[in-house]
Amino acid sequence: MHMTNDDMDELFSRAADEYPLNTDSADWVSVMQQLGQAGLAHTRHKKSEYKLLWLLLLLPIGFICGRMSDSAAVNPTAGPGDNISMAEAVRIKKSTPVAKLAGPGKSPVTVRIASPYSTQISSLVATRPGFNAASRRVTNGKPRQTNEPQQAGKKIVSAFPDASQRDGEVTAPVAAQTSGLQPDEMATAGDPEQQPFGPAIINRISREPVAHVVEPGFPILSLPASSSQHVTRMTRHTGLYYSFLAGPDISTVKFQRTSRTGYSIGILAGYRLGKSWSMETGLLWDRKNYYSSGQYLDTTRLKLPMHSIVNTASGYCDMFEIPVNLSYEFRLGKEHGWFISAGLSSYLMKNEDYDLNYKRYGVSYTTEYGYRNATNNWFSVATLSAGYRKDWGKHFSIRFEPYIKLPLRGIGIASLPLQSSGLTIRITRFTH
Amino acid sequence: MEGCVTNDPKSQKRLYERYYGYALKVVFRYIYRYDKAVDVVNDGFVKIFIHFKRFECNDRMHLERMWMGWMKRIMINTAIDELRKNNMIPEIGGLPDNLWEIADNSQGADQQLLYKDLITEVKRLPPSYRVAFNMYIIDGFTHAEIAKQLGISVGASKSNLSKARMHLRKFFDKDLREADVCI
């Protein structure tokens with residue numbers, strides 16, 4: 001048989017593609033060593049060390065929001081000489097109880113139990129344009145109202161008979177000078193002869209519900225009926241809150257053996273809907289490690305050669321998790337309680353790594369596949385949790401929350417029925 | 001691919017394991033000894049990973065084909081560099097049987113035995129003839145490219161190819177006369 005050059009060329013070309021060479025001699029370690037010697041830096045590894053740092057940028061948000069809410073609160077460190085805004089004056093006044101005093105046969109008199117801020121509050125009020133203050137002075141048990149045009153900068157109002165005024169000066173009433181005393185203690189301050197009411201009445205004042213008197217130009221003072229002379233603290237947090245959480249995670253497929261422990265870290269924002277209910281959502285970064293036998297893998301979207309049968313699979317996945325949860329709290333006391341929570345989570349896969357052991361025509365192979373941004377599993381996981389919450393200071397609480405996450409659908413590119421359990425520790429900052 | 005651009009070890013390893021067999025088959029046609037061919041392949045992959053950013057492909061549909069073409073070129077250049085280091089001196093000695101992986105079924109085995117014999121004959125060619133034959137007939141280089149790669153003239157390249165064909169034709173005339181082969 002005589003072969004032409006073309007026939008020969010075609011035969012050799014085919015032989016070059018299909019000749020049977022043993023290719024099991026791969027030595028990745030040797031290549032890696034040569035790459036290391038060549039000074040090839042693993043920049044991605046370095047990047048992975050820092051890729052979570054951006055979450056720290058979100059932490060100041062909670063503090064800033066808290067600071068904004070704190071700026072309208074009473075500032076106990078402000079001294080009488082400090083400038084305060086009208087808003088602060090109103091709030092300070094609110095914290096200064098106003099009692100309705102009913103002496104025998106006397107018309108009700110509004111008594112303000114003075115605080116160290118009375119002086120500046122009054123002067124601040126006096127500087128409002130058009131202000132024409134009325135002062136009440138109690139002398140010999142009879143209230144006497146005088147209407148005097150006042151000049152700006154002068155102290156206007158004092159309910160205590162021994163208050164004195166001098167032109168151009170601002171003089172605090174005696175009671176104001178005894179700041180820091182409790183109201184029943186204030187009753188004994190100053191000249192007893194000037195006081196139309198004794199300690200017994202003062203004590204009754206402290207327990208009576210208060211009314212408020214609106215005087216022209218004065219900010220409206222009002223206190224809840226149930227308040228006492230003490231500044232009361234809110235015993236229940238309401239409104240918005242922010243949380244930072246972290247904790248370990250163990251994931252399994254159909255309760256097979258577990259792999260290494262993963263983790264979950266992130267931030268949540270929530271809103272209290274009432275006394276016990278709250279709703280929250282957030283953004284978490286999860287690392288879940290898993291192991292599974294091949295029967296639970298959907299290989300449709302994996303890049304396996306045809307007629308491959310997967311024996312085992314292991315690996316990990318990194319993802320963003322977006323939870324939406326509803327929570328109910330059973331309060332045991334003012335500062336702690338139990339809670340239960342349920343919700344749905346979405347997994348947005350960033351990295352999926354599969355170490356596969358598979359068989360093809362009776363020969364076993366091991367290979368590794370990785371996928372990036374391959375799948376988004378919206379509302380595919382049901383979350384159940386219960387735990388314990390303890391208040392920590394005025395605005396914070398700490399929460400221990402064991403959870404379980406059950407898949408409603410297959411997760412990831414291989415549609416694994418991945419379930420997770422773990423514990424998160426959460427620090428929450430309330431805005432109110 | 002993206003992982004290899006950023007020197008991710010996992011991506012590099014996956015790429016290496018996936019295309020190692022193909023690269024070894026290319027290099028083994030040029031390098032006589034198997035262990036030497038393995039070293040050349042590993043050197044080739046090191047070069048690939050170091051210069052990975054130079055690989056550009058705007059046609060996503062044919063990404064793998066273009067990538068394999070680029071990789072094949074680097075492997076061939078690395079093999080030729082190795083041969084030139086030894087001054088194209090022919091190597092002697094037989095090839096052990098454990099290098100080959102023959103299928104079990106009889107039909108495929110015959111075909112594969114033929115292919116194995118053909119490649120073995122190519123490997124037995126003197127290095128300069130072997131390179132010319134592989135580059136021109138199997139890998140599709142032009143004589144100008146071959147001449148530039150080897151530092152020879154175009155005429156010398158053509159001459160080497162012609163001589164390679166003569167050697168191989170003797171093999172066909174001697175062995176295929178008795179073989180039952182369908183082409």
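All chains are named by letter (A, B, ...) in the order of the sequence lines, taking the proteins before the strands, and each is independently numbered beginning at 1.
Side-chain contact between B/Leu24 and A/Leu21: present, with at least one pair of heavy atoms (C-beta onward) separated by less than 4.5 Å. Proximity of A/Tyr19 to B/Thr120: side-chain heavy atoms (C-beta onward) are nowhere separated by under 4.5 Å. B/Lys25 places none of its side-chain heavy atoms less than 4.5 Å from the side chain of A/Asp17. In this structure the side chain of B/Lys13 never reaches within 4.5 angstrom of the side chain of A/Val31, judged on heavy atoms.
Of the atoms belonging to A/Asp353, it is side-chain heavy atoms, and not backbone ones, that fall under 4.5 Å from chain B. For B/Tyr34, the part lying under 4.5 angstrom from a heavy atom of chain A is the side chain only. With a 4.5 Å cut-off on non-hydrogen atoms, B/Val41 does not touch chain A at all. Heavy-atom distances place the side chain of A/Ser30, and not its backbone, under 4.5 Å from chain B.
Summarising the geometry, atom CD belonging to A/Glu368 is positioned 7.5 Å from atom CD belonging to B/Glu17; distances are rounded to the nearest 0.5 Å. Summarising the geometry, atom CG belonging to A/Leu11 is positioned 12.0 Å from atom CD1 belonging to B/Ile137; distances are rounded to the nearest 0.5 Å. For the atom pair CZ (B/Arg165) and CG (A/Asp9), the distance works out to 4.0 Å, reported to the nearest 0.5 Å. To the nearest 0.5 Å, atoms CZ (B/Phe45) and CG (A/Asp27) are separated by 12.5 Å. To the nearest 0.5 angstrom, B/Phe133 atom CZ is 5.5 Å from A/Met8 atom CE.
Shown here for A/Ala16 and B/Ile138, the closest heavy-atom pair between the two residues is CB-CG2, 3.4 Å. When all heavy atoms are compared, the tightest approach of B/Leu118 to A/Phe12 is O-CE2, 3.6 Å. Between A/Glu18 and B/Gln112, the shortest heavy-atom distance links the atoms O-NE2, 4.3 Å.
Within 6.0 Å of the CZ atom in A/Arg260, the count of heavy atoms belonging to other residues, nucleotides or ligands does not exceed 12. With a 6.0 Å radius and a threshold of 12 heavy atoms from other residues, nucleotides or ligands, B/Tyr136 has its OH atom at or below the threshold. Other residues, nucleotides and ligands place no more than 12 heavy atoms under 6.0 Å from the NZ atom of B/Lys158.
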A/Ser25 and B/Tyr20: CA distance, side-chain angles, deciding distance, side chain to side chain donor-acceptor pair (under 3.5 Å) verdict = CA-CA 9 Å; A/Ser25 52; B/Tyr20 175 83; 2.6 Å; yes

